[in-house]
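What follows is a structure written as structure tokens; I'll ask about it next.
Labels below follow one simple rule: chain letters A, B, ... track the order of the sequence lines, proteins then strands, and each chain is numbered from 1. Atom set for the values below is all heavy atoms of this structure, side chains included, hydrogens, waters and symmetry mates excluded.
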Amino acid sequence: MARILITSAIPYINGIKHLGNLVGSQLPADLYARYARARGNEVMFICATDEHGTPAELAAAKAGKPVADYCAEMWAVQKELSDGFRLSFDKFGRSSSPQNHRLTQYFAGKLAENGLIEEVSEKQVYSVADGRFLPDRYIEGTCPNCGYDRARGDQCENCTKQLDPTDLIDPRSAVSGSTDLEVRETKHLYLRQSTLKDQLDAWIDGQEGWPILTTSIAKKWLHDGDGLQDRGITRDLDWGVPVRKGDEPWPGMEDKVFYVWFDAPIEYIAATKEWADAEGLDDSAWRRWWRLDEGADDVRYVQFMGKDNVPFHTLSFPATIIGSGEPWKLVDYIKSFNYLNYDGGQFSTSQGRGVFMDQALAILPADYWRWWLLSHTPETSDAEFTWENFQASVNKDLADVLGNFVSRVTKFCRSRFGEAVPGGGAGGAREAALTADLQARLTAYEGHMDAIEVRKSAAELRAMWAAGNEYLQEAAPWAVFKEDPDQAAAIIRLSLNLIRLYAVLSAPFIPDASATMLTALKAEDAEWPDDVGAALDALPAGHGFSVPENLFRKISDEEREEWQARFAGVRS
RNA sequence: GGGCCCGUAGCUCAAUUGGUUAGAGCAGAGCGCUCAUAACGCUUUGGUUGGGGGUUCGAGUCCCUCCGGGCCUACCA
């Protein structure tokens, strides 16, 4: 039994996330959290919404609502969807929480005490009509290079040339279209990451077994050009964590907030405090997960994220932690993911291309999506969602291999022996071989899950399901029954126990179907098995059960074609 | 422009980090079974590992080069 702290990258508050976002961190994190709990570990699984920044302010304005109201509504929507996908967060927090405000200000104060904060005066584009400073990519104009008239201030999408906003010809605000722009002087706080470069480098070198994707991104930032650069941690916005030095005001920074990348990862910690506060627990309850001097020395901390988030988790957030000079818990293992593409292109939030979380749940239950997404997780390279592949996987793996196994066993038993585990007979060589095979597969499954090898875990689980069908075909209880009902009873008794075992082992992937199986079997014991032989003896002769409805229905060709057409274009 | 990643069977992916004859699932073909959601099982077809060159006793794996795809490049978050 160990203590495992798990965080998923926190999704941005703005809008409903698509399946690519889901499989890029939250879903595999949930798989691991469920597995870790099932193995008897003490788990703290944290996620939250990332609520600050310019896009949230603009989306709220567009919706005609105060930002705080808009974020509260969107948080509720995202929370409902995460529940719908059975994401088992211990806390789904909010980066705008008072807890995060205080903690972010606290860290900033510590960094300042340690001489790691510098005030830098810089020039930024200000839009008079919008009454706000504009990030580079919110300025549009004509590209001086290729003449494209919708080039953004950071880069021209047409010729891919990197730009400075002042390079643009006829620049205008992407928010309002106003050309009333001016360059204004503004003062910001910078985190002096460059002074922590060697410490960060040594820390990353000390990590064992991190994916290439993770370390190569970190190394690039550390060593490219002049090495790790200092970064601004404040912004001229209204919505965010007000800049304060711990509990003290920060002179000259009165109207500024911290920049999202600084406060968002701190929310991992703050959300754990949100959890403790909501549970009515005192501070030691969350600090024992995060403070090495207050009980977190035996915690293993695993982070899940998409590859775009790696620099913040390998460098920026560790810089905050290390720079504080206090014994806060650093991450032990980072699991990063590539992207999921949609039917030959990218998922697109702006174009509504692909399947979004709400739409997915409207057409099929969570387990169908969980199974496909997890068994196709983009671990080694980008993966691709196609409706043909989705239909084939769901129909074959879930309906035919697992669902049909449950169906054939329970219905055969009901018709020959009634709705109770039959007694009589005994296992022989075939049953011993099956048990040994499953024991070996269980060990492999656990190995892959421990290593967070998601696709390999799924393949091994499927192989265990398939082993049940192979066994049944060989044992042929329908034929044996005619000559030797006791022997057929022994085969079916084992098969019913196999269903219970599958329910337990499959729960991290398909929690709802697992629950249905356990309920049908009236099984009270859902403990993770140490010994397969013992686990296949859990339901004794005479134990009642009921035949469940089919666990999974099949996706028809007509449905597939309809969905393919419906989700190809603009979200309605 | 610079950096990194990827390219393996019709499709989705493996290959113990340089080690026998490159393996699974799906799809296809054949056979079997009849308990079950026309489900299940067995057998089987299918590869110049993107092209070319090199290092090595040995290369999918390392090096060079070309082709194709993707990501990042610090003010989106």
Side-chain angles (χ1 to χ4, degrees), chain A residues 9-14 50-56 122 124-125 133-139 152-155 160-162 164-165 188 193 211-213 215-217 219-221 223-225 228-232 235 259-261 264 306-312 315-316 338-339 341 346 372 375-376 379-386 388-393 395-401 403-416 453 455-456 458-459 462-463 466 468-481 488 491-492 495 547 549-554:
Chain A
I10 66 178
Y12 198 66
I13 189 67
N14 196 349
D50 177 12
E51 304 195 0
H52 299 135
T54 308
E122 56 188 21
Q124 288 196 343
V125 175
F133 282 95
L134 293 174
D136 289 357
R137 68 171 55 188
Y138 282 91
I139 302 158
R152 293 188 319 207
D154 56 342
Q155 187 179 37
T160 74
K161 187 164 180 74
Q162 285 178 68
D164 196 75
H188 282 297
Q193 297 184 129
I212 295 171
L213 183 65
T215 48
S216 65
I217 292 171
K219 285 289 181 181
K220 170 72 160 67
W221 282 54
H223 299 296
D224 192 46
L228 188 63
Q229 301 297 298
D230 296 341
R231 294 191 76 167
R235 282 292 176 274
Y259 184 29
V260 278
W261 76 254
K307 58 186 167 184
D308 53 331
N309 250 319
V310 168
F312 297 104
L315 301 169
S316 308
N338 288 282
Y339 292 141
N341 290 319
Q346 294 185 336
W372 189 88
S375 59
H376 294 80
E379 287 177 298
T380 50
S381 64
D382 290 354
E384 172 145 325
F385 177 92
T386 65
E388 289 82 0
N389 190 305
F390 178 66
Q391 177 193 31
S393 289
N395 289 357
K396 192 71 195 178
D397 299 347
L398 294 181
D400 292 346
V401 177
N404 182 56
F405 179 78
V406 172
S407 185
R408 67 196 293 205
V409 169
T410 52
K411 287 179 180 172
F412 179 82
C413 185
R414 181 173 62 184
S415 71
R416 300 297 195 281
E453 294 271 8
R455 282 188 313 215
K456 288 179 183 174
R462 199 201 115 105
N469 284 312
E470 291 163 23
Y471 166 74
L472 215 52
Q473 183 67 28
E474 242 189 88
W478 49 88
V480 172
F481 183 79
I491 294 166
I492 288 304
S495 299
V547 175
E549 293 295 309
N550 284 345
L551 288 181
F552 303 99
R553 72 176 188 82
K554 293 199 184 190

Original post:
Just checking A/Tyr339: base, sugar-phosphate only, or nothing, at a heavy-atom cut-off of under 4.0 Å?
Top reply: sugar-phosphate
Original post:
For the side chain of A/Asp382, counting heavy atoms from C-beta on, which of B/rC75, B/rA39, B/rG70 is nearest?
Top reply: B/rG70
Subject >> Gap in Å between the two C1' atoms, one belonging to B/rA74 and one to B/rG19, rounded >> reply: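 After rounding to an integer number of Å, I get 44 Å for this pair.
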Original post:
For A/Trp478 and B/rC35, are the ring centres under 5.5 Å apart with planes inclined under 30°?
Top reply: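 Yes, A/Trp478 stacks on the base of B/rC35, since the ring centres sit under 5.5 Å apart and the planes are within 30°.
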Subject >> Base paired to B/rA29 (Watson-Crick or G-U; both N/O distances under 3.5 angstrom) >> reply: B/rU43
Subject >> Between C1' of B/rC4 and CG of A/Asn338, the distance in whole Å >> reply: 11 Å
Subject >> Distance between P atoms of B/rC33 and B/rC42 (Å, rounded) >> reply: 15 Å
Subject >> Nucleotide nearest A/His376 when distance is taken to its side chain, options B/rC35, B/rC72, B/rU12 >> reply: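 The listed nucleotide nearest to A/His376's side chain is B/rU12.
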Original post:
Between A/Tyr471 and B/rC35, is there a side-chain N or O to OP1/OP2 distance below 4.0 Å?
Top reply: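 No, because none of the side-chain N or O atoms of A/Tyr471 sits under 4.0 Å from OP1 or OP2 of B/rC35.
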**OP:** Please work out if A/Lys307 contacts a base, only the sugar-phosphate, or nothing of the nucleic acid, heavy-atom cut-off 4.0 Å.
**Re:** sugar-phosphate
Original post:
Given that A/Lys220 and A/Val401 both sit by RNA chain B, which one's nearest nucleotide is further toward the 5' end?
Top reply: A/Lys220
Subject >> Side chain of A/Lys396 (C-beta onward), nearest among B/rU34, B/rA27, B/rU37 >> reply: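 Taking heavy atoms from C-beta onward, the closest nucleotide is B/rA27.
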Original post:
Choosing from B/rU12, B/rA27, B/rC75, which nucleotide comes nearest the side chain of A/Asn389?
Top reply: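 In terms of side-chain proximity for A/Asn389, the closest of B/rU12, B/rA27, B/rC75 is B/rU12.
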**OP:** Using both distances under 3.5 Å as the test, list the Watson-Crick or G-U wobble partner of B/rU48, or none.
**Re:** none
Original post:
Mapping A/Leu228 and A/Tyr259 to their closest nucleotides on RNA chain B, which lands nearer the 5' end?
Top reply: A/Leu228
Original post:
Base, sugar-phosphate, or nothing for A/Thr54, non-hydrogen atoms under 4.0 angstrom?
Top reply: sugar-phosphate
**OP:** Round to a whole Å and report the spacing from CG of A/Asn395 to C1' of B/rA38.
**Re:**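 Answer to the nearest Å: 13 Å.
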**OP:** Considering only atom C1', compute the distance from B/rC72 to B/rA77 and round it to an integer number of Å.
**Re:** 15 Å
**OP:** Quote, to the nearest angstrom, the P distance that separates B/rC4 from B/rC62.
**Re:**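 Comparing P positions in B/rC4 and B/rC62 gives a spacing of 14 Å.
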**OP:** Under 4.0 Å between any heavy atoms, over every strand shown, what does A/Gln346 touch: base, sugar-phosphate, or nothing? Just pick one.
**Re:** sugar-phosphate
Subject >> Below 4.0 Å: OP1/OP2 of B/rC76 and any side-chain N or O of A/Arg137 >> reply: yes
**OP:** For B/rU17, measure the glycosidic angle (O4'-C1'-N9-C4 for a purine, O4'-C1'-N1-C2 for a pyrimidine) and name it syn if it falls within 90° of 0, otherwise anti.
**Re:** syn
**OP:** Using the P atom as the reference point in each nucleotide, state the distance between B/rA22 and B/rG60 in Å, no decimals.
**Re:**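 After rounding to an integer number of Å, I get 9 Å for this pair.
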**OP:** Show your reasoning for whether side-chain hydrogen bond (donor to acceptor under 3.5 Å, both in side chains) applies to A/Thr380 and A/Arg455.
**Re:** CA-CA 10 Å; A/Thr380 50; A/Arg455 282 188 313 215; 3.1 Å; yes
Original post:
What nucleic acid atoms does A/Phe405 come within less than 4.0 Å of, heavy atoms only: base, sugar-phosphate, or nothing?
Top reply: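 Nothing, no nucleic acid heavy atom in range.
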**OP:** Under a 3.5 Å limit for both distances, which nucleotide forms a Watson-Crick or G-U wobble pair with B/rC13, could you say?
**Re:**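 Across any shown strand, B/rC13 pairs with B/rG23.
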Original post:
Between A/Lys456 and B/rA15, is there a side-chain N or O to OP1/OP2 distance below 4.0 Å?
Top reply: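 Yes, within the criterion.
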Subject >> base_contact_polar (B/rA39 base, A/Asn404 side chain, donor-acceptor, <3.5 Å) >> reply: no
Original post:
OP1 or OP2 of B/rA39 sitting under 4.0 Å from any side-chain N/O of A/Lys554?
Top reply: yes
Subject >> Nearest-Å distance for atom pair CD/P, residues A/Glu388 and B/rC13 >> reply: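 Interatomic distance, CD of A/Glu388 to P of B/rC13: 14 Å.
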**OP:** Just call it for A/Trp261: base, sugar-phosphate, or nothing, with non-hydrogen atoms closer than 4.0 Å on any strand.
**Re:**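 Contact class for A/Trp261: none.
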**OP:** Would you mind classifying the nucleic acid contact of A/Pro55 as base, sugar-phosphate or nothing, using non-hydrogen atoms under 4.0 angstrom?
**Re:** sugar-phosphate
**OP:** Can you tell me, in whole Å, how much space there is between the P of B/rU61 and that of B/rU56?
**Re:** 16 Å
Original post:
Roughly how many Å is it from CZ in A/Arg416 to P in B/rC35, rounded to a whole number?
Top reply: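 The distance from CZ of A/Arg416 to P of B/rC35 comes to 6 Å, rounded to the nearest Å.
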**OP:** Using a heavy-atom cut-off of under 4.0 Å over every strand shown, decide if A/Ile492 touches base, sugar-phosphate, or nothing.
**Re:** nothing
Original post:
To the side chain of A/Thr380, which of B/rC40, B/rC13, B/rA77 is closest?
Top reply: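 So the nucleotide nearest the side chain must be B/rC13.
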Subject >> Shortest non-hydrogen separation from A/Ala56 to A/Tyr12 and the atoms involved >> reply: N-OH, 3.1 Å
**OP:** Kindly indicate whether the side chain of A/His376, heavy atoms from C-beta on, has any atom under 4.5 Å from the side chain of A/Ser393.
**Re:**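 Side-chain contact under 4.5 Å: yes.
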**OP:** Go through the steps to decide whether A/Asn469 and A/Val401 satisfy the test side-chain contact (heavy atoms from CB on, under 4.5 Å), and finish with yes or no.
**Re:** CA-CA 7 Å; A/Asn469 284 312; A/Val401 177; 4.1 Å; yes
Subject >> Selection from B/rG25, B/rC75, B/rA77 that lies nearest to any side-chain heavy atom of A/Arg231 >> reply: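 Closest nucleotide among those given: B/rC75.
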Original post:
Can you find a pair of side-chain heavy atoms, one from A/Trp478 and one from A/Leu472, that are under 4.5 Å apart?
Top reply: yes
**OP:** Kindly indicate whether the side chain of A/Gln473 and the base of B/rC42 share any N or O donor-acceptor pair separated by less than 3.5 Å?
**Re:** no
Subject >> Counter-base of B/rC4, judged by Watson-Crick or G-U geometry with both distances under 3.5 Å >> reply: B/rG70
**OP:** Assign A/Gln124 to base, sugar-phosphate, or nothing according to its heavy-atom contacts below 4.0 angstrom with the strands shown.
**Re:** base
Original post:
Do the non-hydrogen side-chain atoms of A/Gln124 and A/His188 ever get within less than 4.5 Å of each other?
Top reply: yes
**OP:** May I ask you to test the A/Asp382-A/Lys307 pair for a side-chain heavy-atom distance under 4.5 Å?
**Re:**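 Side chain of A/Asp382 against side chain of A/Lys307, heavy atoms only: contact under 4.5 Å found.
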Original post:
Contact class for A/Arg462 (heavy atom, under 4.0 Å): base, sugar-phosphate, or nothing?
Top reply: sugar-phosphate
Subject >> Atom C1', compared across B/rA59 and B/rU21: separation rounded to whole Å >> reply: 16 Å
Original post:
Are the side chain of A/His223 and the backbone N or O of A/Lys219 linked by a donor-acceptor pair below 3.5 Å?
Top reply: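 No.
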Original post:
In whole Å, what is the span from the CH2 atom of A/Trp221 to the C1' atom of B/rG2?
Top reply: 15 Å
Subject >> Minimum-distance nucleotide to A/Ser407 side chain [options: B/rA77, B/rU37, B/rG41] >> reply: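 The answer is B/rU37.
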**OP:** Could you check whether A/Ala383 gets within reach of a base, just the sugar-phosphate, or nothing at all, counting any heavy atom under 4.0 Å?
**Re:** sugar-phosphate
**OP:** Check every strand shown and say whether A/Lys219 touches a base, only sugar-phosphate, or nothing at a heavy-atom separation below 4.0 Å.
**Re:**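 Here A/Lys219 touches no strand at all.
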Subject >> Nucleotide nearest A/Asp50 (side chain, heavy atoms from C-beta), chosen from B/rA36, B/rG70, B/rA77 >> reply: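 Within the option list, the nearest is B/rA77.
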Subject >> P gap between B/rC11 and B/rG50, integer Å >> reply: 13 Å
**OP:** Work out which heavy atom in A/Glu51 is nearest to a heavy atom in A/Ile13; give both atom names and the distance.
**Re:** CA-CG2, 3.7 Å
Original post:
When all nucleic acid strands are considered with a 4.0 Å heavy-atom cut-off, which category describes A/Glu470: base, sugar-phosphate, or nothing?
Top reply: sugar-phosphate
Original post:
Should the pair A/Phe385 and A/Trp372 be assigned to parallel (<30°), tilted (30 to 60°) or perpendicular (>60°) ring geometry?
Top reply: perpendicular
**OP:** Between B/rC75, B/rC72, B/rA36, spot the one nearest the side chain of A/Arg235, thanks.
**Re:**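 Shortest atom-to-atom distance from the side chain points to B/rC75.
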Original post:
Quick one: which of B/rC75, B/rC35, B/rU37 gets closest to the side chain of A/Lys411?
Top reply: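 Ranking B/rC75, B/rC35, B/rU37 by closest atom to the A/Lys411 side chain puts B/rU37 first.
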